[in-house]
K.L.:
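I am attaching a structure below and will ask some questions about it afterwards.
The basis for the numbers below is simple: all heavy atoms, side chains too, and nothing from hydrogens, waters or symmetry mates. Chain naming here is simple, since letters A, B, ... match the order of the sequence lines and numbering starts at 1 in each.
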Amino acid sequence: MTRTLVADLPSHLDETVTVYGWINTLRLQRRMQFVLVRDHTGLIQVTHARGGEGDEIEAAFERVTAESAVKITGKVVGNPQVKLGGLEIVPERVEVVSPAEPKLPIDEHTGLDQRLDWRFLDIRRPSQHLVFAVQTTVEQAMREVTAEEGFTELHTPKLMGTASESGAEVFKVDYFERTAYLAQSPQFYKQMAIAAGIDKVFEIGPVFRAEPSFTSRHATEFTGVDAELAWIDGVEDVMAFEERLLQRVLRRVSERHGDAVTEHFGARVVVPETPFPRLTMADALTKLRATGWDPEGAKDDLDPEGERRLCALVAEETGHEFVFVTRFPASVRPFYHLRPEDDPTVTESFDLLWKGVEITTGAQREHRHERLIAQAREKGMETEPLAGYLNCFRFGTPPHGGLGLGLGRLLMLLLGLPTIREVTFLFRGPHRLEP
RNA sequence: GGUCCCGUGGAGCAGUUGGUUAGCUCGCCACCCUGUCAAGGUGGAGGUCGCGGGUUCAAGUCCCGUCGGGAUCGCCA
C-alpha cells in the first residue's frame with residue numbers, strides 16, 4: 001500500500017490513492033458523511049454517501065473520533081462544490097489505525113502552559129508544524145554557507161570536567177565518582193579545534209544554563225549555533241561571516257516559507273542587505289543617552305530597554321533591523337576576549353542585536369598564552385581549573401575569533417512570536433522538565 | 001532572586017461595592033438534519049471557584065500563607 005500525501009492529491013485526479021493522517025473534523029449528516037483528514041502537508045475532505053445496514057465505511061465514520069490516526073483508500077474526485085481545493089476522496093476502505101480519546105486536552109484557544117503539557121498534540125497543528133519546518137530550513141541554510149566556506153562541523157562534549165568560562169550557573173551531574181557539568185557553551189572546545197589546526201569550526205548543539213531566568217527569551221537548555229575562525233585579520237572577519245550566514249538564512253526562509261510565515265504568524269521575512277550597521281558601545285551609549293535613556297547608575301553595558309531603543313534608532317536612521325554593537329569594555333567581557341593595543345580598556349568584541357534583542361555574542365580571542373593567564377588572573381580567576389583550556393595556547397595558536405548565536409531566539413524573532421517556548425519542541429525552563 | 005498581574009466545568013472567559021439554585025461561548029453526550037465545508041437545530045451531562053488557614057450570620061468575592069502560570073527587571077544565547 002503506497003502512501004500519497006495530501007499535497008500531492010491534485011496530481012492524482014481520478015486515481016485511487018491511500019492517504020494516512022488524522023481525523024480533523026467530522027460532519028455526519030443523514031445521507032452524507034463528510035470527514036476532513038489532515039496529514040502534515042494539508043487537509044482533504046472525504047465524502048461518503050451512507051449505504052445503510054452493512055455499510056462498514058458508514059459504521060467506521062460513526063465511531064471514529066477527532067485526532068484518530070487513519071488510513072483511507074479511495075478515488076480522488078474533482079468537485080467544484082467542495083470549498084477545500086475543489087477535490088474530495090470517495091472512500092473505498094477506511095482503517096482506523098489508532099483511535100483518539102473523545103475529549104482532547106487542548107484546542108485552538110488553549111493557553112501556552114497547557115499546550116506545552118500536550119506538546120505532541122499541539123505540534124500537529126499546521127502553524128506549530130511550520131515552526132519546525134522553518135527551523136529545518138534555517139539549519140540547512142547555515143550548513144550551506146559553512147560548507148561553502150570550508151568549515152568543519154564538530155560535536156563537542158557536553159559533559160565537562162570543570163565549570164566553564166563565564167561563571168554562569170552550571171548543572172552538576174553525577175559522573176561515576178566525581179562531578180561533571182553540563183556544558184554552557186562549546187567555547188573552550190571549539191578553540192581547541194582551532195589549536196588542532198581545524199581552520200574553521202562550526203556546531204549546532206545543545207547548551208545548558210542553570211539560570212533562574214523567568215523571561216520569555218531564556219531556557220535552561222537551548223540550541224546554540226557556534227563558529228570559530230582561525231587566521232583572521234580582525235573581528236571584522238567574524239562579523240562579515242555572520243552577515244553572510246544570516247543573509248542566506250533569511251533568503252532561504254523567505255523562498256521556502258515566506259508566504260506561510262505571513263499567513264500563520266503575520267510576520268514578514270525580510271532578507272537584509274549587508275553590511276549591517278556597526279556602532280561602538282561608546283557611540284551606542286551616547287546615542288541612547290541623547291534620547292533620555294539612562295538606567296540607574298552609570299553603566300558600561302546595554303540593558304534590555306537600551307537594546308530595544310538602539311534597534312529602533314538604527315532602523316529609523318538606516319532601515320536596518322540588525323545592528324552590531326562593538327568594543328565592549330573589558331570589564332563586562334570574558335578574560336579570553338582580545339584587547340586592542342590602542343585601547344586595552346575595551347575588547348575586540350561584538351553583540352548582534354535584531355528587533356531589539358541580543359541574538360549573538362562574538363569576539364576575536366586572545367591567542368597568546370601569557371596574556372590569557374594575565375587577563376584571567378586580573379579577573380580573579382584561578383588558572384589551575386583552566387589548565388586544560390590554557391594548554392591549547394602554549395604551542396602556536398593562530399589568531400582566531402568566533403561567535404555564539406541562539407537558534408531559538410533567531411526563530412522567535414523571525415516568526416514574530418512572543419516567547420522562546422513557542423519555538424522549542426520541548427521547552428526546558430527552571431520549573432519545566434516535562435514532557 | 002526582586003516587583004507586578006493571574007488561577008472559576010475539558011478549553012477560553014464572565015461573575016461592580018461579600019448575600020437567591022456560579023453564567024456565556026466552544027467542546028462532550030443524545031436525538032434530528034435534501035452536499036456539509038467555522039455546518040445547523042433541539043435537548044442533556046459536567047464546576048471541591050489552585051491548596052491550606054482566617055474574618056463574617058454569610059466568602060468565587062475580603063485578609064494571611066502556599067503551589068502553579070504570565071509580564072518585567074536582575075542575568076543572557
K.L.:
Is it the case that C26(B) (base atoms only) and His109(A) (side chain only) share a donor and an acceptor within less than 3.5 Å, ignoring hydrogens and angles?
P.N.:
no
K.L.:
Measure the acute angle between the ring planes of Tyr389(A) and Phe335(A), then classify it against the limits of 30° and 60° as parallel, tilted or perpendicular.
P.N.:
perpendicular
K.L.:
I want to check one thing: is the phosphate of A39(B), taken as OP1 and OP2, less than 4.0 Å away from some side-chain N or O of Arg27(A)?
P.N.:
yes
K.L.:
What nucleic acid atoms does Leu28(A) come within less than 4.0 Å of, heavy atoms only: base, sugar-phosphate, or nothing?
P.N.:
base
K.L.:
Can Phe34(A) be said to stack with the base of G35(B), given centres closer than 5.5 angstrom and planes under 30 degrees apart?
P.N.:
no
K.L.:
Does Arg50(A) have a side-chain nitrogen or oxygen under 4.0 Å from the phosphate oxygens OP1 or OP2 of U36(B)?
P.N.:
no
K.L.:
So, does Gln33(A) get its side chain near the phosphate of U36(B), meaning an N or O under 4.0 Å from OP1 or OP2?
P.N.:
no
K.L.:
Of the nucleotides A39(B), U72(B), A77(B), which one has an atom closest to the side chain of Glu358(A)?
P.N.:
A77(B)
K.L.:
Please state how far atom CG in Leu43(A) lies from atom P in A38(B), giving the value in whole angstrom units.
P.N.:
11 Å
K.L.:
Using 30° and 60° as the class boundaries, would you call the ring planes of His400(A) and Phe393(A) parallel, tilted or perpendicular?
P.N.:
parallel
K.L.:
Please tell me if Ser213(A) has a side-chain N or O lying less than 4.0 Å from either OP1 or OP2 of G74(B).
P.N.:
no
K.L.:
What nucleotide, of C75(B), U34(B), G69(B), holds the atom closest to the side chain of Arg30(A)?
P.N.:
U34(B)
K.L.:
Looking at C73(B), G70(B), G69(B), which one has an atom nearest to any side-chain atom of Arg421(A)?
P.N.:
G70(B)
K.L.:
Send over the distance from Asp107(A) CG to C28(B) P, rounded to a whole Å.
P.N.:
10 Å
K.L.:
Base of U36(B), side chain of Gln45(A) - is there a donor-acceptor contact under 3.5 Å?
P.N.:
yes
K.L.:
State whether the distance check finds a donor on one side and an acceptor on the other, under 3.5 Å, for side chain Glu101(A) versus base G10(B).
P.N.:
no
K.L.:
Picking from C75(B), U72(B), C28(B), which would you name as closest to the side chain of Pro102(A)?
P.N.:
C28(B)
K.L.:
Whether Thr361(A) contacts A77(B) is assessed here as follows: a side-chain N or O lying under 4.0 Å from the phosphate OP1 or OP2. Is that the case?
P.N.:
yes
K.L.:
So if I take every side-chain heavy atom of Arg217(A) and compare against A77(B), A71(B), C75(B), which nucleotide ends up nearest?
P.N.:
C75(B)
K.L.:
Please verify the inter-ring angle class for Phe322(A) with Phe276(A); under 30° counts as parallel, over 60° as perpendicular, anything in between as tilted.
P.N.:
parallel
K.L.:
Which nucleotide, if any, forms a Watson-Crick or G-U wobble pair with C29(B), using both distances under 3.5 Å?
P.N.:
G43(B)
